[in-house]
Amino acid sequence: EAGVTQFPSHSVIEKGQTVTLRCDPISGHDNLYWYRRVMGKEIKFLLHFVKESKQDESGMPNNRFLAERTGGTYSTLKVQPAELEDSGVYFCASSSTIYEQYFGPGTRLTVT
Amino acid sequence: AQSVSQHNHHVILSEAASLELGCNYSYGGTVNLFWYVQYPGQHLQLLLKYFSGDPLVKGIKGFEAEFIKSKFSFNLRKPSVQWSDTAEYFCAVTRNSGYSTLTFGKGTMLLVSP
């Protein structure tokens, strides 16, 4: 069984540019989560999809961040325009139950 | 809001030494507790979890954790570490109310020297 995959693994962009991160969850997992870890800080929740619906987006920092989940399968997280403080590692996780989450390798975003 | 505190940010041990990583959480209700591990170059993996029942939980690779409700703690232990245990360890909680968002601690970087 394939695990959670994320693309790209690393992205370097300039302030003001747009970046789109992609997450492919484990097949059949209805729950998909985005988390972010800024350097030196804890991993923080961004949002939670159940199928294609946003269950909870209380962790999204501001309206520069837009998450979508097409047809309840893969998800994208767009940052537009990117700011320096958006740098960090963005993790995606998926689950079939509400109690155990499987994480992807993360996308390291560097905004210069 | 709930929070998780991990006592040590960096731990250095020699092989065969015993390990205990502290984790405390703050939340007045019932929680589910987790330890995740991230080995160098790999993704976060679940090490062990506690939902209910026996407060002493055994996980993979010889790790165990004990839930002490009165102390709001869920410390991770291993009697004898190996070089391959070098990794970053994260304690996390979810509220036991159907709300499944993980709240993480800041992580503990463990370095085991051969």
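Each chain gets a letter, A, B and so on, in the order the sequences are listed, and its residues count up from 1.
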Please state whether the side chain, the backbone, both or neither of Q101(A) comes within less than 4.5 Å of a heavy atom of chain B.
both
What part of F91(A) gets within 4.5 angstrom of chain B, counting heavy atoms only: side chain, backbone, both, or neither?
side chain
What distance separates T101(B) OG1 from Y33(A) OH, expressed to the nearest 0.5 Å?
7.0 Å
Heavy atoms of other groups near E52(A) CD, more than 12 under 6.0 Å
yes
Which residues in residues 59-68 of chain B have a heavy atom less than 4.5 Å from any heavy atom of chain A?
none
Hphob cluster co-occupancy, V11(B) + Y39(B), side-chain heavy atoms under 4.5 angstrom
yes
With A92(B) via side-chain contact (heavy atoms from CB on, under 4.5 Å) - residues at least two apart
F34(B), L102(B), F104(B)
Value rounded to 0.5 Å, distance of CD in E42(A) from OG in S5(B)
10.0 Å
With clusters defined by side-chain heavy atoms of hydrophobic residues (ILVMFWY) lying less than 4.5 Å apart, directly or transitively, does L76(B) cluster with V4(B)?
yes
If you group Ile, Leu, Val, Met, Phe, Trp and Tyr by side-chain heavy-atom gaps below 4.5 Å, do L32(A) and F45(A) land in one group?
no
Using a heavy-atom cutoff of under 4.5 Å, enumerate the residues of residues 106-114 of chain B that contact chain A, numbered in order, or state 'none'.
K106(B)
Taking everything shown except K54(A) itself, do over 12 heavy atoms lie less than 6.0 Å from its NZ?
yes
Return the minimal non-hydrogen interatomic distance between F103(A) and H43(B), and the atom names on each side.
O-CD2, 3.5 Å
Atom CZ of F65(A): over 12 foreign heavy atoms under 6.0 Å:
yes
Contact origin within Q6(B) toward chain A - heavy atom pairs under 4.5 Å:
neither
For residues 98-112 of chain A, which residue pairs qualify under salt bridge (charged side-chain N to carboxylate O under 4.0 Å, His left out), counting only residues two or more places apart or in two chains?
E100(A)-K49(B)
Name the option with the most non-hydrogen atom pairs under 4.5 Å to chain B; the candidates are K41(A), H48(A), R37(A).
R37(A)
Counting only heavy atoms not in F51(B), do more than 12 fall under 6.0 Å of its CZ?
yes
Identify whether F72(B) and W35(B) are in the same connected component of the hydrophobic contact network (ILVMFWY, side-chain heavy atoms under 4.5 Å).
yes
Are Y74(A) and F7(A) in one and the same hydrophobic cluster, where Ile, Leu, Val, Met, Phe, Trp and Tyr link if side-chain heavy atoms are under 4.5 Å apart?
no
